[in-house]
Amino acid sequence: MSHALRPAKPYRSMLFVPGNKLDWMLKAPKYGSDALILDLEDSVAVPEKPEARKAVRQAITELCSKSIGRFVRLNAWRTGFLIEDITAVAVPGLDGVILPKAEGPEDVAALDLVLGEIEASRGLPPGGIEICPYAETASGLYKFYDICMASQRIKRAGGVTGPGPGGDMSRSLGLRLGEGATEALIFGAYSLLQARAAGITQIEGGMTGKLDDLQLVRTIAEKSKQLGASFASVIHPSHIPVINEVYSPSQSEIDDARGIVSTFTEATARGEAAIRYKSMLIDYANARGALDVLKKAEAFGIDVGTIPSIDPSGT
């Protein structure tokens, strides 16, 4: 059984900002990330969570006019905090919520129902708030396909480089990993496969907790992109330019994509569908991939000129 792809607004970078720092949240858009993740979970101590909810709600309201994605990382189910979190922050301007430590599809289904009730009671667009599940336990990773299929609100997920050193997933699996350990790719590939099988195309890459090593940020991002990632979360503003650069189509990628589409369009007008382009044979599959590159560049404000149309009979 195949599943339809789930369209979603593409992001390259999503910046984590502590939810108890109102001034940080309000100034965060100036750093250039495509979206923000206002955090109510691990960066906020338990006694500070009530005030943090108020601050996050205020930040969402004040950031409504900014062309930036607005997401909130909730506390997980079974903490006793999630209902208060979502009740406080589900206001106009909220684009989505991060559900940490999702154990199974029932966690997502429950949150979907709660969001539906809140949207209905507050006059918000039905289904408008995304759910982004984080599989941070062995159970969550094992059931990740079912988790992704539990709600059509899920439009982005992943973690293609697998668990990071010292994180919840590594702890749950009993892993002892160093930064960039290749063993983690086994688990990342498993997450990617399950998310893609569920129709999700916005796939999250790896990140690092090291603040000052920009080369490591680039290395992880480039490896993640090779493995199928389309965006990454970051924990420091200095990482954003690197992440945005890596996850944007390069000029050479854009030029090559334009060349493929133009050459292929001319060929199909002659009744051909498998032709030579430079040193390779291209067909409809290559043309569709090139179109994806051009459309992604356009989504990030890059001028790619006029994109020729391709006969859809080959799709």
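Keep in mind that what you see is a predicted model, and the values were worked out from it rather than measured. Just so you know, residue 1 is the first one in the sequence shown, and it goes up from there.
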Open item on the list: Return the NZ to CG distance between K155 and L5, rounded to the nearest 0.5 Å.
Closed with: 11.5 Å

Open item on the list: Hydrophobic clustering (ILVMFWY, side-chain heavy atoms < 4.5 Å, transitive) - are L113 and I154 grouped together?
Closed with: no

Task: Heavy-atom donor-acceptor pair, T87 side chain to E84 backbone, under 3.5 Å - done: no

Open item on the list: Side chains of R196 and I203, heavy atoms from C-beta outward: is any pair under 4.5 Å?
Closed with: yes

- [ ] Supply the atom-to-atom distance F144 CZ to F187 CZ, rounded to the nearest 0.5 angstrom.
- [x] 14.5 Å

Task: Note, P105 side chain near Y145 side chain (heavy atom, < 4.5 Å) - done: no

Task: Atom of A55, atom of G19 and distance for their closest heavy-atom approach - done: CB-O, 3.5 Å

Open item on the list: With clusters defined by side-chain heavy atoms of hydrophobic residues (ILVMFWY) lying less than 4.5 Å apart, directly or transitively, does F300 cluster with V304?
Closed with: no

Task: Cluster link V44 to V89, ILVMFWY, side chain under 4.5 Å - done: no

- [ ] Find the distance between NZ (K296) and CD1 (I302) and round it off to the nearest 0.5 Å.
- [x] 9.5 Å

- [ ] Considering only NZ, NE, NH1 and NH2 on the basic side and carboxylate oxygens on the acidic side, decide whether K54 and E51 come within less than 4.0 Å.
- [x] yes

- [ ] Taking the side chain as every heavy atom from C-beta outward, state whether L82 and L111 have any atom pair closer than 4.5 Å.
- [x] yes

- [ ] Can you measure from CZ (R288) to CG (D292) and round to the nearest 0.5 angstrom?
- [x] 9.5 Å

Task: Shortest non-hydrogen contact from G140 toward I147 - done: O-CD1, 3.5 Å

Open item on the list: Is there a side-chain contact between I98 and I37 in this structure, where contact means two heavy atoms from C-beta onward sitting under 4.5 Å apart?
Closed with: yes

Open item on the list: Quick check: is Y134 connected to L193 through a chain of hydrophobic side chains (ILVMFWY, heavy atoms under 4.5 Å apart)?
Closed with: no

Open item on the list: I need the minimum non-hydrogen distance between A88 and R53, along with the two atoms involved.
Closed with: CB-CB, 3.8 Å

- [ ] Determine whether C132 and V97 make a side-chain contact, defined as any pair of heavy atoms from C-beta on separated by less than 4.5 Å.
- [x] no

- [ ] Show your reasoning for whether side-chain contact (heavy atoms from CB on, under 4.5 Å) applies to L36 and I68.
- [x] CA-CA 7 Å; L36 302 176; I68 191 169; 3.6 Å; yes

Task: Polar side chain donor-acceptor pair, S250 to S252, under 3.5 angstrom - done: yes

- [ ] Indicate whether the side chain of Q58 and that of E62 have a donor and an acceptor atom separated by less than 3.5 Å.
- [x] yes

Open item on the list: For a quick test of reading the model, state the closest non-hydrogen atom pair linking L214 to S238 and the distance between them.
Closed with: CD2-O, 3.6 Å

Task: Pairs involving residues 26-39, ordered by first then second residue, that meet side-chain hydrogen bond (donor to acceptor under 3.5 Å, both in side chains) (sequence neighbours left out) - done: R12-D34, D39-S43, D39-R73

TODO: For the residue pair Y277 and D256, establish whether any side-chain heavy-atom pair is separated by less than 4.5 Å.
DONE: yes

TODO: To the nearest 0.5 angstrom, please state how far the CG atom of L115 sits from the CD1 atom of I86.
DONE: 4.5 Å

TODO: Show your reasoning for whether side-chain contact (heavy atoms from CB on, under 4.5 Å) applies to F264 and E266.
DONE: CA-CA 5 Å; F264 189 76; E266 294 169 1; over 6 Å; no

Task: Stepwise side-chain contact (heavy atoms from CB on, under 4.5 Å) test for D303 and E298 - done: CA-CA 6 Å; D303 184 7; E298 278 192 322; over 6 Å; no

Task: Min side-chain heavy-atom separation N75-P100 under 4.5 Å - done: no

Open item on the list: Let's go through F71 and L94 carefully: what are the C-alpha distance in whole Å and the side-chain angles of both, what is the deciding distance for side-chain contact (heavy atoms from CB on, under 4.5 Å) to 0.1 Å, and is it a yes or a no?
Closed with: CA-CA 6 Å; F71 290 72; L94 177 66; 5.7 Å; no

Open item on the list: For a quick test of reading the model, state the closest non-hydrogen atom pair linking G93 to C64 and the distance between them.
Closed with: CA-SG, 3.5 Å

Open item on the list: Which residue is it: I282, T268, D283? I am looking for the one with a side chain to side chain contact (heavy atoms under 4.5 Å, CB included) to I275.
Closed with: I282

Task: D23, CG: over 12 other non-hydrogen atoms inside 6.0 angstrom - done: yes

- [ ] Kindly indicate whether the side chain of R258, heavy atoms from C-beta on, has any atom under 4.5 Å from the side chain of L294.
- [x] yes

TODO: Can you see which heavy atom on Y247 is nearest to which on A232, and at what distance?
DONE: CE1-CB, 3.8 Å

Open item on the list: Taking G127's backbone N and O only, do any of them form a donor-acceptor pair with E119's side chain (distance below 3.5 Å, no angle check)?
Closed with: yes

Open item on the list: Closer than 4.0 angstrom, basic N to acidic O: yes or no for E130 and R156?
Closed with: yes

Task: Under-4.0 Å salt bridge between K225 and E253 - done: yes

TODO: For R70, check side-chain hydrogen bond (donor to acceptor under 3.5 Å, both in side chains) against everything at least two apart and list the hits.
DONE: none

Task: T79 side-chain N/O to A76 backbone N/O, donor-acceptor pair under 3.5 Å - done: yes

Open item on the list: Here's one to test your reading of the geometry: is the NZ or CZ of K49 within 45 degrees of the ring axis of F81 and under 6.0 Å from its centre?
Closed with: yes

Open item on the list: For Q202, is there any backbone N or O sitting under 3.5 Å from a side-chain donor or acceptor partner on R6?
Closed with: no

Task: Atom pair OG (S224) and CD (E204), whose distance is rounded to the nearest 0.5 Å - done: 9.0 Å

Open item on the list: Please tell me whether L15 and V242 are part of a single hydrophobic cluster in this structure, the criterion being side-chain heavy atoms less than 4.5 Å apart.
Closed with: yes

Open item on the list: When you measure from the side chain of H239 to the backbone of L211, do you find a donor-acceptor pair of N or O atoms at a distance under 3.5 Å?
Closed with: yes

Task: Derivation of the salt bridge (charged side-chain N to carboxylate O under 4.0 Å, His left out) call for K143 and E103 - done: CA-CA 8 Å; K143 301 173 183 177; E103 292 285 340; over 6 Å; no

Task: Test: R78 and D107 ion pair at under 4.0 Å - done: yes

Task: K101/E41 salt bridge by N-O under 4.0 Å criterion - done: yes

